[in-house]
Amino acid sequence: MKNRLILHGGAWNIPDALQDAHMHGIREALTAVSAELIQGMTALDATEMAVRMLEADPTYDAGRGAFLNSKGEIELDAMIMDGRTLDFGAVAAIQNVLHPISVARVVMTESEHCILVGKGAQDFAKAQGIEETTPEDLLTERELATWQRLQKDSSFRTHQPFDKPMGTVGAVAMDNDGNLAAATSTGGTPQKLAGRVGDTPIIGAGTYADNELGAASATGWGESILKVMLTRQLCDLFGSMPAGQAAKAVIKHLQERVKGLGGVIGIDSNGNYAFHHNTPYMAFGYMEEGGKIVVNIQIRK
Ligand code: GLY
């Protein structure tokens, strides 16, 4: 039995006033999902369940609470991957759904495709019986105020050091049978152009899982994570070094090769955890042997 579960709630700056909320959401999801994993839930179901809980929590930049794009709209990206088969499903720039991760799941299981975007993804979700929601349901006063402020700031760049968390959410799990899965969901970057797709729904960039290598989920500045294919790079390194060292190595590469900013969580094929970031903070937590929950917000030295 090798139950493993590790979650992140984004990186970047997480001001003191927001740290408790970031850690609380992760703790709640870890507590609920690890109990199910221990009872035999599959890794795939566990990652979807954890990400759904974090999408519903307005603290994070995923589902409810997501950043607005430059047009004042919420467009969401998500991906889920099954380490047994390498099957994956992803959606990008989808609107009016609270749980894009569940749309990604049905893209994987109920369509012939791997990735659907925009209106096509929305129509497919509807056809699969996934409830449509309203822009108002996803919008928080906090993000409306941020959007109004940034609209007046022509010097703002989507990846510049920001006074708010970039609260992409992610989950990586190993189940009783040793199967791995990963899932990630995000509203992307503030003020992104309409139609922008980040790292989250791109295989090997924001999300990856292969039973033979490991599984991982990333957070941070998507354009830089895309360039180095961060999660696949981490999974490749798992074979040649301890998991914690591999996470440090890929973040170092992200920083040195493309001046990137981000964080990553993962599990290697032997069930060892990996986590590291070069942003000031990363909200993350994991289930220890015996079910004890550990939640943290900063490990960077
Ligand atoms: N890492 C999330 C994004 O850049 O979209």
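Counting starts at 1 for both ligands and their atoms, in listed order. When reading the values below, keep in mind they use all heavy atoms of this one structure, side chains included, and skip hydrogens, waters and symmetry mates. All values reported here derive from a predicted model rather than from experimental measurement.
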**Complete:** Pocket residues around ligand 1 (non-hydrogen, under 4.0 Å) come out as T168, T186, G188, T189, R196, G198, D199, T200, G220, G222
**Message:** With a 4.0 Å cut-off on N to O distance, would you call R105 and D45 a salt bridge?
**Reply:** yes
**Check ion pair E223-R196 (N to O, under 4.0 angstrom)** = yes
**Prompt:** Between S217 and T184, does any side-chain donor sit less than 3.5 Å from a side-chain acceptor?
**Reply:** yes
**Message:** Test of understanding: with side chain to side chain contact (heavy atoms under 4.5 Å, CB included), list the residues that count as partners of V117, not counting sequence neighbours.
**Reply:** A92, I115
**Request:** Could you tell me which residues satisfy ring pair (Phe, Tyr, Trp, His ring centres under 6.0 Å) with Y60, sequence neighbours excluded, listed by chain and number?
**Result:** H22
**Asked** Which residue pairs satisfy the ring-ring contact (aromatic ring centres under 6.0 Å, His included) criterion with at least one member in residues 191-229, sequence neighbours excluded?
**Response** H159-W221
